[in-house]
Engineer: 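What follows is a structure written as structure tokens; I'll ask about it next.
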Amino acid sequence: MKTELENDLTRLFKKEQVLTSKEERICYSYDATNKNFLPDAVMLPHSTEDVVKLMRYAHQHKIAVVPRGAGSGYTGGSLPIQGGIVVSFEQMTKILHLDKEKKYALVEPGLITQQFADHVAQFGLLYPPDPSSVKFSTLGGNVAECAGGLKGRKYGVTRNYVLGVEAVLSSGEVIQTGILDEKDESPYDLQSLLIGSEGTLALITKIALRLVDKPQYENTVLATFDQMEDAAEVVAATTASGVIPSVLEFIDGDTLECVLEYVRLDDIEKSEAVLLIEVDGKNKEEVDQEFEEVLKICKEKKSKGLQVAQTKEDKDNLWKVRRSISASLLKIAPTKVNEDICVPASQLPTMVKRIKEISEKHRVNINTFGHAGDGNLHVTFMCDSRNKEQMERVEKAVDELFKHTLKLGGTLSGEHGIGVTKSKYLEWEVGKEGIGMMKKIKSAFDPDNIINPGKIFS
Ligand SMILES: Cc1cc2nc3c(=O)[nH]c(=O)nc-3n(C[C@H](O)[C@H](O)[C@H](O)COP(=O)(O)OP(=O)(O)OC[C@H]3O[C@@H](n4cnc5c(N)ncnc54)[C@H](O)[C@@H]3O)c2cc1C
């Protein structure tokens with residue numbers, strides 16, 4: 001028998017835009033955390049008007065609405081933890097406008113980030129935000145999480161490329177910010193609030209994105225080390241030297257070993273730590289000079305091997321190490337608890353030591369890698385969610401990890417957001433007053449708490 005919700009939604013939208021069978025709903029019940037919540041229905045909008053219609057209906061009936069991109073989030077942002085309607089943007093994937101001279105594009109939120117980057121690259125343009133999930137995550141999800149990525153240190157994160165957004169409020173009203181309406185003089189910066197709001201304030205239906213010229217020269221090296229701390233020292237010393245690599249990725253020895261068992265890369269030796277470093281720019285001489293400086297620092301900090309890419313094939317091979325991490329880790333254990341702390345680059349050596357101590361103290365398996373160039377480490381606890389005793393130890397280790405991070409002047413989330421998995425820790429970072437102010441902002445946007453309820457605040 002059809003539910004009232006199903007009847008209403010199929011009356012408002014085309015049949016193929018509404019999914020209600022259990023099998024279909026299961027497909028929208030998970031993300032990259034280990035949690036599942038079944039929505040009551042899934043709706044696939046084709047336009048802003050569809051989203052407006054849905055929000056008016058949800059507002060009238062006080063039904064929870066959860067926006068969803070590709071469901072690749074690591075903190076549960078797209079999970080319908082109180083049921084309701086999941087709004088999946090998978091059919092809003094158009095590039096509506098590309099201005100090659102002014103270097104910006106207007107896109108729909110469901111477009112996969114890599115597909116957008118590939119499209120603009122044909123015209124010599126670069127969309128720099130490059131999360132490791134670039135091949136499957138969406139631009140809407142990236143904006144809602146303010147995704148970072150491999151090029152964050154030099155090029156910044158998603159926020160730095162958003163010129164404007166169109167968003168639908170809980171009442172069904174539409175707001176526009178930035179260049180969508182050609183005026184950006186408003187006293188309260190709504191756009192900044194929406195970027196990184198984790199789908200809790202409004203549903204983003206259009207995004208204007210800034211593009212830059214593609215750099216013409218790129219030099220890549222994979223540096224290996226006998227000590228993790230030496231690699232962390234290179235990151236700190238590179239930052240201090242003034243050279244800003246476009247990529248500066250850290251990978252610990254256990255993770256490297258796992259990758260090397262997963263993909264065959266004969267030329268790469270096992271070691272305690274690895275840095276993948278890339279320097280790019282428009283001027284060959286400058287790029288070469290900066291690269292030489294990076295190689296010098298690696299040598300000074302006791303790198304035992306420097307593999308410099310001479311050809312595109314070499315470069316692809318070096319990149320394979322980084323791109324294969326996520327899949328290869330699942331060999332160690334079935335459950336991945338991936339925390340994305342961020343500390344100032346000068347504190348990386350200390351943080352790396354603390355992570356080792358936490359791993360030993362709580363007898364938990366930790367793999368550490370990440371965008372070290374901007375202080376962002378993915379501290380990944382490999383475990384088995386069916387083992388209750390082990391999961392309790394992981395939880396204690398995570399608590400301790402966050403305490404050390406804050407003590408070193410860092411932040412709980414470099415890029416994955418708070419969602420449900422980190423909500424109990426947010427107050428440690430922003431205090432009671434900070435939480436109070438955030439709650440007021442949430443209720444100004446969404447007084448009935450129907451957009452993505454149960455997130456961010458514990
Ligand atoms: C292997 C792997 C590697 C990753 N690497 C990185 C990385 O390097 N850097 C990084 O930052 N993240 C990374 N992530 C995390 C994740 O990919 C990002 O958070 C990404 O931005 C989520 O995009 P999505 O389309 O999957 O969004 P979802 O997971 O579906 O949703 C994420 C949040 O955005 C909201 N949302 C989605 N679309 C909209 C919309 N149109 N309007 C309003 N709210 C919306 C959702 O409600 C939710 O709160 C990684 C994840 C995986 C699995």
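As the structure lists them, so they are numbered: ligands from 1, and atoms in each ligand from 1. The shown structure was predicted, so the numbers you read here are calculated from the model rather than taken from an experiment.
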Engineer: State whether the shortest distance between N or O atoms of Gly69 and N or O atoms of ligand 1 falls below 3.5 angstrom.
Structural biologist: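 Min N/O separation from ligand 1 is below 3.5 Å for Gly69.
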Engineer: Show your working on side chain to side chain contact (heavy atoms under 4.5 Å, CB included) between Phe381 and Val398 and close with a plain yes or no.
Structural biologist: CA-CA 9 Å; Phe381 298 78; Val398 170; 3.7 Å; yes
Engineer: Counting non-hydrogen protein atoms only, what is the nearest one to atom 32 (C) of ligand 1? Give residue, atom name and distance.
Structural biologist: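 Heavy-atom neighbour on the protein nearest atom 32 (C) of ligand 1: Glu145 OE2, 3.4 Å.
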Engineer: So for ligand 1, is Gly71 a polar contact partner (N or O within less than 3.5 Å, distance only)?
Structural biologist: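 Gly71 vs ligand 1: N/O contact under 3.5 Å present.
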Engineer: Taking NZ, NE, NH1 and NH2 as the nitrogens, is one of them in Lys424 or Glu395 under 4.0 Å from a carboxylate oxygen of the other?
Structural biologist: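 Looking at Glu395 together with Lys424, the answer is yes, because their closest N to O distance falls below 4.0 Å.
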Engineer: Among protein heavy atoms, which lies nearest atom 29 (O) of ligand 1, and at what distance?
Structural biologist: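 Answer for atom 29 (O) of ligand 1: Gly73 N, 2.8 Å.
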Engineer: Show the atoms of ligand 1 that are less than 4.0 angstrom away from any heavy atom in Glu198.
Structural biologist: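 Matching atoms, with element in brackets: 49 (O).
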Engineer: Indicate the ring-plane relationship of Tyr104 and His97, choosing parallel, tilted or perpendicular according to the 30° and 60° boundaries.
Structural biologist: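 Rings of Tyr104 and His97: tilted, as their planes differ by 30° to 60°.
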Engineer: Report the part of Pro67 in contact with ligand 1, treating N, CA, C, O as backbone and CB onward as side chain, heavy atoms under 4.0 Å; options are side chain, backbone, both, neither.
Structural biologist: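 It is both backbone and side chain that touch ligand 1.
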Engineer: Can I get a per-line list of side-chain donor-acceptor pairs under 3.5 Å for residues 66-75, giving both atom names and the distance, sequence neighbours left out?
Structural biologist:
| from | atom 1 | to | atom 2 | distance (Å) |
| --- | --- | --- | --- | --- |
| Arg68 | NH1 | Tyr30 | O | 2.9 |
| Arg68 | NH2 | Tyr30 | O | 3.1 |
| Tyr74 | OH | Lys336 | NZ | 3.4 |
| Thr75 | OG1 | His416 | O | 2.9 |

Engineer: Quick one: do Lys103 and Asp213 satisfy salt bridge (charged side-chain N to carboxylate O under 4.0 Å, His left out)? Show the steps, please.
Structural biologist: CA-CA 8 Å; Lys103 298 185 190 136; Asp213 288 325; 3.3 Å; yes
Engineer: I want to confirm something. Looking only at heavy atoms, which of Ala32, Ser413, Ser72 is nearest to atom 22 (C) of ligand 1?
Structural biologist: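 The option holding the nearest heavy atom is Ser72.
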Engineer: Where does His371 meet ligand 1, judged by heavy-atom distances below 4.0 Å: at the side chain, the backbone, both, or neither?
Structural biologist: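 It is the side chain that gets close, since no backbone atom is under 4.0 Å.
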Engineer: For atom 42 (N) of ligand 1, grab the closest protein heavy atom and report residue, atom and distance to one decimal in Å.
Structural biologist: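 The protein heavy atom lying closest is Ile204 N, 2.9 Å.
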Engineer: Between Asp252 (side chain only) and Met228 (backbone N and O only), is there a donor and an acceptor less than 3.5 Å apart?
Structural biologist: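 The answer is no, because no donor-acceptor pair under 3.5 Å joins these two groups.
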Engineer: When you look for heavy atoms under 4.0 Å from ligand 1, do you find them on the side chain of Leu203, its backbone, both, or neither?
Structural biologist: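 For Leu203, only backbone atoms sit under 4.0 Å from ligand 1.
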Engineer: If you measure every N or O of Thr138 against every N or O of ligand 1, does any of those distances drop under 3.5 Å?
Structural biologist: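 In this structure, Thr138 places an N or O atom under 3.5 Å from an N or O of ligand 1.
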Engineer: Classify the contact between Ala147 and ligand 1 as side chain, backbone, both or neither, using a heavy-atom distance cut-off of under 4.0 Å.
Structural biologist: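 Within the 4.0 Å criterion, Ala147 contacts ligand 1 through backbone and side-chain atoms alike.
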Engineer: Among Lys154, Arg323, Arg153, Lys135, exactly one meets salt bridge (Lys or Arg N to Asp or Glu O under 4.0 Å) together with Asp130. Which residue is that?
Structural biologist: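 Result: among Lys154, Arg323, Arg153, Lys135, Arg323 is the only option passing the salt bridge (Lys or Arg N to Asp or Glu O under 4.0 Å) with Asp130.
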Engineer: Do me a favour and list the nearest non-hydrogen protein atom to atom 31 (O) of ligand 1 with residue, atom name and distance?
Structural biologist: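 For atom 31 (O) of ligand 1, the nearest protein heavy atom is Ser78 CB, 3.8 Å.
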Engineer: Checking a contact table here: which protein heavy atom is nearest atom 52 (C) of ligand 1, and how many Å away?
Structural biologist: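 Nearest neighbour among protein heavy atoms for atom 52 (C) of ligand 1, to 0.1 Å: Tyr74 CE1, 3.5 Å.
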Engineer: Between Lys442 and Asp446, does any NZ, NE, NH1 or NH2 come within less than 4.0 Å of an OD or OE carboxylate oxygen?
Structural biologist: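 Counted as a salt bridge, because a side-chain N and a carboxylate O are separated by less than 4.0 Å.
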Engineer: So, does Arg159 use its side chain to make a donor-acceptor pair with the main chain of Ser192 at under 3.5 Å?
Structural biologist: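 Side chain of Arg159 to backbone of Ser192, a donor-acceptor pair under 3.5 Å: yes, one is there.
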Engineer: Distance from Asn367 atom CG to Ser328 atom OG, nearest 0.5 Å?
Structural biologist: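 Separation between the atoms: 8.5 Å.
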Engineer: So which of Ala202, Gly370, Gly141, Pro131 gets nearest to atom 38 (N) of ligand 1, if we judge by its closest heavy atom?
Structural biologist: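 Nearest option to atom 38 (N) of ligand 1, by heavy atoms: Gly141.
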Engineer: Would you please determine whether Gly419 falls within less than 4.0 Å of ligand 1 on a heavy-atom basis?
Structural biologist: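 The answer is no, since Gly419 has no heavy atom less than 4.0 Å from ligand 1.
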Engineer: How far is atom 8 (O) of ligand 1 from the closest protein heavy atom, and which atom is that?
Structural biologist: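 Result: Ser132 N, 2.8 Å.
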Engineer: At a non-hydrogen distance cut-off of under 4.0 Å, which region of Glu415 contacts ligand 1 (side chain, backbone, both, or neither)?
Structural biologist: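 For Glu415, the contact with ligand 1 is made by both the backbone and the side chain.
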Engineer: Which ligand 1 atoms are under 4.0 Å away from a heavy-atom of Asn452?
Structural biologist: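 So the answer, numbered in order with elements, is 47 (O), 49 (O).
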Engineer: Need the ligand 1 atom indices (1-based, order shown) with element for anything under 4.0 Å from a heavy-atom of Ala144.
Structural biologist: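 Numbered from 1, ligand 1 contributes 34 (O), 35 (C), 36 (N), 44 (N), 45 (C).
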Engineer: Counting heavy atoms only, name the option from Val165, Leu329, Asn142 that's nearest to atom 20 (C) of ligand 1.
Structural biologist: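 That would be Asn142.
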Engineer: Do any nitrogen or oxygen atoms of Val66 lie less than 3.5 angstrom from nitrogen or oxygen atoms of ligand 1?
Structural biologist: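 Val66 vs ligand 1: no N/O contact under 3.5 Å.
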Engineer: Please check: side-chain N/O of Asn142 versus main-chain N/O of Ala147, any donor-acceptor pairing under 3.5 Å?
Structural biologist: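 Not at all, since once roles are kept as given, no pair shorter than 3.5 Å links the two residues.
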Engineer: Using a 4.0 Å cut-off to any heavy atom of Ala70, which atoms of ligand 1 qualify?
Structural biologist: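 It comes down to these atoms of ligand 1: 24 (P), 25 (O), 26 (O), 27 (O), 30 (O).
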Engineer: Considering non-hydrogen atoms of the protein only, which is the closest contact for atom 11 (O) of ligand 1, and what is the distance?
Structural biologist: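 The protein heavy atom lying closest is Gly148 N, 2.9 Å.
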Engineer: More than 12 foreign heavy atoms under 6.0 Å from CZ of Phe13: is that the case here?
Structural biologist: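 For Phe13, atom CZ is crowded (more than 12 foreign heavy atoms under 6.0 Å).
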Engineer: Given Ser133, Ala167, Gly196, which one has a non-hydrogen atom that is nearest to atom 4 (C) of ligand 1?
Structural biologist: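 Going through Ser133, Ala167, Gly196 one by one, Ser133 has the nearest heavy atom to atom 4 (C) of ligand 1.
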Engineer: Can a donor-acceptor pair be found, under 3.5 Å and without considering hydrogens, that links the side chain of Asn376 to the backbone of His371?
Structural biologist: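 Not confirmed, Asn376 side chain does not pair with His371 backbone.
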Engineer: Return the set of residues passing salt bridge (Lys or Arg N to Asp or Glu O under 4.0 Å) with Glu23 (not counting sequence neighbours), or none when no residue passes.
Structural biologist: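 Result, salt bridge (Lys or Arg N to Asp or Glu O under 4.0 Å) vs Glu23: none returned.
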Engineer: Which residue and atom name correspond to the protein heavy atom nearest atom 1 (C) of ligand 1, and how close is it?
Structural biologist: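 The protein heavy atom lying closest is Ser326 OG, 3.2 Å.
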Engineer: Measure from the side-chain N and O atoms of Lys422 to the backbone N and O of Gly419, and report whether any donor-acceptor pair falls under 3.5 Å.
Structural biologist: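 No, Lys422 side chain to Gly419 backbone: no donor-acceptor pair under 3.5 Å.
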